[in-house]
Amino acid sequence: MTTWDLLVVNAAVASMDPARRGPYGLVPDGGVGVIDGRVGWTGPMADLPSATSAAHTIDAAGALVTPGLVDCHTHLVFGGDRVGEFEARLSGVGYEDLARRGGGIASTVAATRAAGEDELVRAAARRAEQLASDGVTTVEIKSGYGLDLETERRMLAAARRLGAELPLRVQTTFLGAHTVPDEYRGRADAYIDLVCDDMVPAVASAGLADAVDAFCEGIAFSAEQVTRVFDAARRHSLPVKLHADQLSDGGGAALAAAFAALSADHLEHTSPAGVRALAAAGTVAVLLPGATHTLGERARPPVAALRAAGVPLAVSTDANPGTSPLLSLRLACNLACTLLGLTPAEALAGATRIAARALGLAGRAGILAVGAVGDLVVWDAGQPAELVYWMGGRLANTVVVAGEVVRSA
Ligand code: DI6
Ligand code: FE
């Protein structure tokens, strides 16, 4: 007889498992059994073995259950704030202008360098809590506001601590090539030397980074410079991802594809050739509508072309102080539908199963299937599209991580 650590019964289980029926892999009168932190059984209640018992049982009474949500692109760890910049942009100053004047990312770099690790953890924990309280159980966190070895290390260590101290799985990404720091102005190649020769080896050998990212853009780094960073990542067996074609078409999508990147993110200006390259490489396209919205960007990622080419689509908050101060993954999903043309089913897959794939966790997170992590959410909702329909607020009723109830309403 199996004794589940946690058994959820009488639920509308949106398993997000493509092996099951419909876009949500919905099992209308279903259940989930978790043992040793993993899903050991899920299916129709009628199939639950009769000789079964559980240390803890949740009767969902018909409510919707999904896998824990996965936010696959955030910059949650940073010092200071950019509220003043928000006001300046509303009065007409452009984002790229601010960056050229030493505002933008550079101002967050100054504040982050000045912050200690405890301070970074405390501030980021408040933001992570907002995501987690509404059903996010896995979050990716990037560095990239340090731009020197010591601060990049401190950011990644802070992100790792969040994973240890909060009931949240944290995947870390080293984004040393986010922008050229002031002290290297006009010497971007020398800064890339530092990233490749010192920073990537140091964070890799300390086990601080699960992946390497870069910002391929006119105001940041060229495709040639990013290629050097990706070569360094490859030497240290770290997977890569890329901020690609956000403000202009810099060939970022094709570059990401050439390195079989886990994901290419943003893609507002990606060309048809870039779309084809992503499809051929199996690289996930991560859509970040919070940045589109905040920047008032008119260009849209080529969603119809990405879909037609079979590129997997993920949705994320891009939570960051400059271009996407967005702390609700469900609102990101809503914006992905209203601004970018996703269906609610695509958006929810993009915030679960496909987001996990963008983190190298395909089949292990963002899905309710045997062997996946036992992370799930019981929602104050009856049908999956409702999670995308409501703009923000909090719908998560009970959040479970590794079979343990970590919050309940
Ligand atoms: N693209 C973005 O949207 C964020 N980083 C990036 O490379 C913006 C980061 C910031 O403005 O602080
Ligand atoms: Fe970003």
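Atoms within a ligand are numbered from 1 in the order they appear, just like the ligands themselves. What you see is a predicted model, and the numbers here were worked out from it, not measured in a lab. Excluded from the calculations below are hydrogen atoms, water molecules and symmetry mates; all remaining heavy atoms, backbone and side chain alike, are included.
The protein heavy atom nearest to atom 1 (N) of ligand 1 is Q246 OE1, 3.0 Å. Closest to atom 3 (O) of ligand 1 among all protein heavy atoms lies T323 OG1, 2.7 Å. For atom 9 (C) of ligand 1, the nearest protein heavy atom (residue, atom name, distance) is Y145 OH, 3.2 Å. For atom 5 (N) of ligand 1, the nearest protein heavy atom (residue, atom name, distance) is H178 NE2, 2.8 Å.
H73 contributes atom NE2 as its closest N/O/S atom to the Fe ion (ligand 2). For D318, the N/O/S atom at the shortest distance from the Fe ion (ligand 2) is named OD1.
Between R185 and D182, at least one side-chain N (NZ, or NE/NH1/NH2) sits under 4.0 Å from a carboxylate O, which counts as a salt bridge. A salt bridge does not link R364 with D375: every distance from a Lys NZ or Arg NE/NH1/NH2 to an Asp or Glu carboxylate oxygen is 4.0 Å or more. Between R154 and E150 a salt bridge is recorded (basic side-chain N to carboxylate O distance below 4.0 Å). In this structure, E346 pairs ionically with R307, as a charged nitrogen and a carboxylate oxygen lie closer than 4.0 Å. The residues R161 and D118 are annotated as salt-bridged, a charged nitrogen and a carboxylate oxygen being separated by less than 4.0 angstrom. Under a 4.0 Å N-O distance rule, the pair D134/R394 does not qualify as a salt bridge. At a threshold of 4.0 Å, the pair R89-E87 does not count as salt-bridged, since none of the basic side-chain nitrogens sits closer than that to a carboxylate oxygen.
In this structure, R82 has a heavy atom closer than 4.0 Å to ligand 1. Not a single heavy atom of T108 lies less than 4.0 angstrom from ligand 1. Note on ligand 1: Y95 sits in its first shell, one or more heavy atoms being nearer than 4.0 Å.
Listed by number with element, the atoms of ligand 1 under 4.0 angstrom from any heavy atom of G322 are 11 (O), 12 (O). Atom numbering of ligand 1 starts at 1 in the shown order; those under 4.0 Å from a heavy atom of D318 are 2 (C), 3 (O). Here is the list of ligand 1 atoms found below 4.0 Å of a heavy atom in H266: 1 (N), 2 (C), 3 (O).
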| field | Full working for side-chain hydrogen bond (donor to acceptor under 3.5 Å, both in side chains) between E268 and T292 | value | CA-CA 8 Å; E268 279 85 338; T292 310; 3.2 Å; yes
| Taking it one step at a time, do S263 and D265 satisfy side-chain hydrogen bond (donor to acceptor under 3.5 Å, both in side chains)? | CA-CA 6 Å; S263 69; D265 304 38; 2.7 Å; yes
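Counting heavy atoms under 4.0 Å from ligand 1, residue L288 does not touch it at all.
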